[in-house]
Every structure is written in structure tokens, then in C-alpha cells.
Enquirer: 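One structure, as C-alpha cells, below. Some questions next.
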Amino acid sequence: MKRENLLIILSMLILAFFVAKLFDNVNMSGDSRQTKELIYSDFKGLVASGDIVNAQIVGDSIIEGFTQDGNSYRTYFPAEDPSVIDFLRLYKIPINYVPEKNLPWYLSILINWGPFLLIFGIWMLLMRRMQGGVGSGGLFSIGRSRAKKMEASEMKVTFNDVAGVEEAKDDLRETVEFLRDPTKFRRLGGRIPKGMLMSGSPGTGKTLLAKAVAGEAEVPFFSMSGSDFVEMFVGVGASRVRDMFEQGRQNAPCIIFIDEIDAVGGSRGTGMGGGNDEREQTLNQLLVEMDGFDGMEGVIVIAATNRPDVLDPALLRPGRFDRQVSIPLPDVKGREEILKIHAKKVQIVDDIDMSIIARGTPGFSGADLKNLINEAALGGARKNKTQLNLADFEWARDKVLMGTERRSMVMTEKEKRNTAYHEAGHALVSALLPNSDPVHKVTIVPRGRALGLTSYLPKGDQFSYDIDFLSNRITIALGGRAAEEIIFSEVTTGASNDIQQATETVRNMICNWGMSKSFGPIVFGSDSQHNVLGRSIGKEREYSELTAEEIDKEMRNTVKFHDEKAKKLLSDNIEILHKIADILIKEETIDGSYINDLLKKNKPKANKVGG
Ligand code: ADP
Ligand code: MG
Ligand code: ZN
């Protein structure tokens, strides 16, 4: 528990004690027996009437008298007048002397003033907190950054400890060069990005990679998590940001690492009812600090997130986190290397082929793989093994697989096959249609919500497209689903995005671009878009019900036509489809050029079905 919290709880306890004590005090004079206070003469009268059965003299000026039925009365008498004792004696009332409960002076001050002192103290503490660390050190350092500092000598992680993210490593090498010798860079006039954003699923090694940059460059590493900035008290986050950058400047060259930046860097003004002031203030401070120094000082800020989509666009503007490094989940080769890195730390029999495990773990992140090795070691230890073998790892894989419960995008064998054919479908159709963007890369490594991805490499920026190109684009989009249907005679939900894209293109061709043969050059709907709350709510319809029906029909026909075209292309070249899918299942990522080579060798049938 944090120290301040402990202190607050302690103070509360003491306060509670005093409050209880206060009530207790009240009770001492007024508990169940009800001591009534009487004036002296009334008390005398009571004694005279014989109601008092015994008495007690407390200190030198209080008499308490008790009646038969347990009531008690008290009165004060002048200390210099001893006649009261004689008076009691007279009525044969036994008298008991007790000394007055005299508290030592310091205790009575504490009881009387303690609660006020405490409330005052707590109030002071809160005020200090809100102002963000007015005092220095100890209790009042709440506004200080709390960044964890690792000295250069402590940074043991290097690029060799990170595998399967070669592209990201290449991106970061330049940064390492710069941090090693900022002056050299300055002389050469190299522009160095001061802010870098690493995005990727959890456990892909973002934190590890940031540490590796510091380790390679042998510079100090300050790390802090986005959620550390956001505290209960307004202004603390901003002050922590300020302090962290201050520390960074003093220790340059160094790396400042902000983990989970989405905790502070989410879009501003999205929260209902004014949003979160504290978070916004923190974010603003971060922006100010990012603008306030130039990379030449030798401070590099690396931020990590698994939700780059929710970040405030202001963070990504030039001069801030303008360099983005994306860290994908590892493919089969990357997984093999990661497994090898972590397997070094456990005893294994010599001839384990880690590629077997790598192939069986699609969708695993680096952290999942590390966990797999761990589980294998634990399982082996339970069986009193001295060395782990393949079976141990396979057992561990199943355990991790079952345990992950699709927490991350862990794919089953069946999903992997489905995805492979789906992506192979896109890629093959695209390769068979000359007037289309060439395939760049095909992968079945899941990213985001997509199970796989076929990426294209446009030949250049193109601002207008001809009908043939657009028609091919629709065919390609439908190619994924078509392949699934041909091979498995069933389709999965994985194609929903494709269908949406195809439908959108078809609608645009018919309704906006006048590319439909039956309608000709006519625009349906008007472009006047209404802005409500910053969002367009679509178009007004400016055509009849009948036309709407016709448009629907035309759209359906067009989609159907292209769907059939895709299926024909694929089934005519089904051998090649199988080949691409097989390779995908094995390697998970293949290059566009590979598909072209395959086509050259296999003489594809690319029959024209007509525009
Ligand atoms: P992230 O910050 O992306 O959530 P971490 O860097 O915290 O992921 O990864 C957690 C652990 O998983 C690391 O400490 C490392 O042991 C292991 N790990 C993750 N990715 C890799 C990788 N690419 N190579 C080697 N180990 C990795
Ligand atoms: Mg992390
Ligand atoms: Zn698809």
C-alpha cells in the first residue's frame, strides 16, 4: 500500500478513537443510571427526605448520592465548607471517598484538542496533494513523477532478447544510433523523431522493445504507466508529467517510456457531461511538454498502446508522437525464435524442433509463448523431470490454449485453415485480374479484429478509377468468401467486412458514379449531408419507391455477377488456390511476388467473363 494512504487510514483510526472517547465522556456523567445534577439545597432536601441510601464524595467538591432504586444525583459543594459531610453523617448515610479522575494535562489537551488537530492535519495534507507537491520529498511528493528509473548499467535487455519483430527493430536502430551519440547526429543534421508510438496487441513485446532500445544505446530508462498519471486529485497528473520530463532533461540522453498511453491520451471531449478534467489536463500538459523540447536534447519519448485508434489525434501530430512503430503478433518464424529465446532459460533435451511448437501456436503473442515455456517447466518439475522434451511443450501449449479462452486472438486449427483459404482467395483473384492493385503481402497472422489480411500495393496515388478496375475490386473483395464456399461449402463471419466493402463499391458505382448500364449517368440521392453532433446522418432520398426497388435489384444482380465471377476464377484455378493456402498454413505470411511466381509456373486460366 502507498505510504500516504496508510497515513490517512491511520489518522482516521485515531480520529475515530477520539470521537468514541468523546461519546464515552458524555456517557460517564449520563449513562443508564442517569446522574441528575441538582442544586445544593435540593440535594440537601433529598438527603433529608431519606431517599439517598449512600453517597460518594468525588475529589473535593462533588457529591454523588444514590437512591435505593439506583438513581443517582450529584451536586457541587464549596470545598471550604465541611458541614456537608456532617450533614450526611447526620442522616447515617455511608460515605465513600474517591479521588477526582484527574487526567494528566497532556492527555486532557489531547482529548480536548486532538480531533481538531487531526482534522486540521488531514486538511493540510489534502491541500498539499491538490497543489501537487509543494513540499519536497517524503509525504508531500505526490505531484512528483514517480517514474521508475533504470540506470544505463541496469539495462540488460538488448535487441537479441526480442524476436519476431524485425521490422520494428529496424525502425528503432536509428534511434539507438542517435542516443549513443547525439552530437554526431547533430553534426550530420539528421532529423530525429523525439516521440515514437509503439502499437500492438498486449504481450507482443512493446515494453520489452522499449527497454531494448535503452539497453542497446546504454542510456537511462524512465518508465511510467499512463494510469499512474491519473489520480483522484486534479492537477496531480499534469504535475507528474512536468516532473517526468524535467527528470528526463537532466538525464539526457535517455528514454522516457510511457506505457499504456491511452489511459491519458484518449480522445478529449468524448466523455458525456464535460469529460474527465483531470485526464484532459494531464494530456494537455503532455502535449505542452512534447512541444517544449526538441529531439536534439537527447530525450526520446516512447509510448506504447494497444489501442492506437482511441488516441487523441493531437498526440500524433508532427513534433509529437509522429513516428509510429507497429508491433504485430509474431508469425510462425518469429514464434520459433521467441520460443528459442525463452527456452534457453530452461533445461531441454537437445534435439527439440521448436518449429513444431511454433506451427501449433498461431495467434500466440510473445508473452503467451513465454508463458508456454513456463508452464512446460512447471509441468516438468511436477513430474520430477530434469529435462523437458517435445511432449512437455505440447502439453503446455494445450494448457495455455485452453487457459487463454480466446483472450487474445488464438486461432484453432480449423479457423486457421478457413482463414488461409479465405486470404488465398483474395490473393489469387487479385493476381488473376491484371487491372488491379498488385498483392503485397498475404498473412493469416491475426491483427486487430481481423483473422487475416491481404494487403495490396497500389502502383501510385490514383484519384480516379475506371469501371474495369472497380469491378475487379469487387470481385477481389468477394474472392475470400468465394474460396471458403468452394472449399468448405460453408462460410464464416470472417467475410463480413469484405461484403460491406463490395456492397459499398457497388452502391457508389450505381448511385454516385453513374456506372450502371441500366441507369446510366445519374446520381441518386443528394450530397447535402446534415451535420448533427459532427456526424453526417446520411443522404436524403430524392427518388421514388419504384426507383429504390430497381436500385436494390441492380445492386443485387451486380454483386451476384461478381460473386460468380470470383467463384469461376477460383474453381478454374483450384490447384493454385490449394497451393497458396497450403503455404499460408505453413508459413503464415507470404509475399505477393511468391504468388506471381506460382502463377507463371502454373499457367492459370483467367477467362474473361465480360465487364
Ligand atoms: P507488451 O508491453 O507489448 O504488452 P511485454 O513487453 O510486456 O508486452 O511482453 C511481456 C513479456 O513477454 C516480455 O517480458 C517477454 O519476456 C515476452 N515477450 C513478448 N514479446 C516478445 C518478443 N517479441 N520476443 C521475446 N520475448 C517476448
Ligand atoms: Mg507492456
Ligand atoms: Zn477477406
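Start at 1 and go down the list; that is how both ligands and their atoms are numbered. Just the heavy atoms: all of them, side chains too, but no hydrogens, waters or symmetry mates, feed the values below. Numbering of residues begins at 1 and proceeds along the displayed sequence.
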Enquirer: Does only the side chain of I338 get under 4.0 Å from ligand 1, or the backbone, or both, or neither? Count heavy atoms.
Expert: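 It is the side chain that gets close, since no backbone atom is under 4.0 Å.
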Enquirer: Could you tell me the residue and atom name of the protein heavy atom closest to atom 5 (P) of ligand 1, and the distance to it rounded to 0.1 Å?
Expert: G205 CA, 3.8 Å
Enquirer: Quick one: look up the protein heavy atom nearest atom 12 (O) of ligand 1 and list residue, atom name and how far away it is.
Expert: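 Looking at atom 12 (O) of ligand 1, the protein heavy atom closest to it is A367 CA, 3.3 Å.
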Enquirer: Ring centroids only, cut at 6.0 angstrom: are F257 and F222 within range, meaning strictly under it?
Expert: no
Enquirer: Identify which one of L584, T419, T589 satisfies the side chain to side chain contact (heavy atoms under 4.5 Å, CB included) criterion when paired with T443.
Expert: T589
Enquirer: Exactly one of L208, N306, T204 should register a side chain to side chain contact (heavy atoms under 4.5 Å, CB included) with I327. Which one does?
Expert: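 Filter result, single survivor: T204.
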Enquirer: Could you walk me through whether D552 and R556 satisfy the salt bridge (charged side-chain N to carboxylate O under 4.0 Å, His left out) test, starting with their C-alpha distance in whole Å, then the side-chain angles of each, then the deciding distance to 0.1 Å, before giving a yes or no?
Expert: CA-CA 6 Å; D552 277 351; R556 237 175 295 131; 5.0 Å; no
Enquirer: Which heavy atom in V299 sits nearest to a heavy atom in A252, and how many Å separate them?
Expert: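 Smallest heavy-atom distance, with atoms named: CG2-CB, 3.9 Å.
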Enquirer: Test of understanding: given a 4.0 Å heavy-atom threshold, classify the contact between K370 and ligand 1 as side chain, backbone, both, or neither.
Expert: side chain
Enquirer: Please name the pair of heavy atoms, one in P330 and one in R335, separated by the smallest distance, quoted to 0.1 Å.
Expert: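 Heavy atoms only, the tightest pair is O-NH1, 3.3 Å.
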Enquirer: Measure from the side-chain N and O atoms of Q501 to the backbone N and O of A477, and report whether any donor-acceptor pair falls under 3.5 Å.
Expert: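 Not at all, since once roles are kept as given, no pair shorter than 3.5 Å links the two residues.
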Enquirer: Report the C-alpha separation of I357 and M354 in whole Å, then their side-chain angles, then the decisive distance to 0.1 Å, and conclude whether the side chain to side chain contact (heavy atoms under 4.5 Å, CB included) test is met.
Expert: CA-CA 5 Å; I357 307 293; M354 279 300 172; 4.2 Å; yes
Enquirer: Is D498 close enough to the Zn ion (ligand 3) to have an N, O or S atom under 2.8 Å?
Expert: yes
Enquirer: Nearest heavy-atom pair of N596 and A431: which atoms, and what distance?
Expert: OD1-CB, 4.3 Å
Enquirer: Any idea which protein heavy atom is nearest atom 25 (C) of ligand 1, and the distance to it?
Expert: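 Residue, atom and distance for the closest contact: D161 O, 3.2 Å.
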Enquirer: What do we get for L369 next to ligand 1 when only non-hydrogen atoms under 4.0 Å count, side chain, backbone, both or neither?
Expert: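 None of L369 does.
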Enquirer: Output yes when the distance from some N or O of ligand 1 to some N or O of V165 is under 3.5 Å, and no in every other case.
Expert: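 Such a contact does not occur with ligand 1.
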Enquirer: Check this for me - ligand 1, D259, N or O atoms closer than 3.5 angstrom, yes or no?
Expert: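 Not met; the criterion fails.
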Enquirer: Which bit of H342 gets closer than 4.0 Å to ligand 1, counting heavy atoms only: side chain, backbone, both or neither?
Expert: side chain
Enquirer: Among all protein heavy atoms, pick the one closest to atom 2 (O) of ligand 1 and tell me residue, atom and distance.
Expert: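 Checking every protein heavy atom, the shortest distance to atom 2 (O) of ligand 1 gives T207 OG1, 2.6 Å.
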Enquirer: Just to be sure I'm reading this right: ignoring hydrogens, which of A304, G200, G203 gets closest to atom 1 (P) of ligand 1? Compare them by their nearest heavy atoms.
Expert: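 Looking at heavy atoms only, G203 sits closest to atom 1 (P) of ligand 1.
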Enquirer: Could you identify the single nearest non-hydrogen protein atom to atom 18 (N) of ligand 1 and state the distance to 0.1 Å?
Expert: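 Heavy-atom neighbour on the protein nearest atom 18 (N) of ligand 1: G366 C, 3.7 Å.
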Enquirer: Would you mind running through ligand 1 and noting each atom that sits below 4.0 Å from a heavy atom of P202?
Expert: 4 (O)
Enquirer: Can a non-hydrogen atom of A163 be found less than 4.0 Å from any atom of ligand 1?
Expert: yes
Enquirer: If we ignore hydrogens and angles and just use 3.5 Å, is the side chain of N251 paired with the main-chain N or O of Q247 as donor and acceptor?
Expert: yes
Enquirer: What's the shortest distance from atom 15 (C) of ligand 1 to any protein heavy atom, and which residue and atom give it?
Expert: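 That would be L208 CD2, 3.8 Å.
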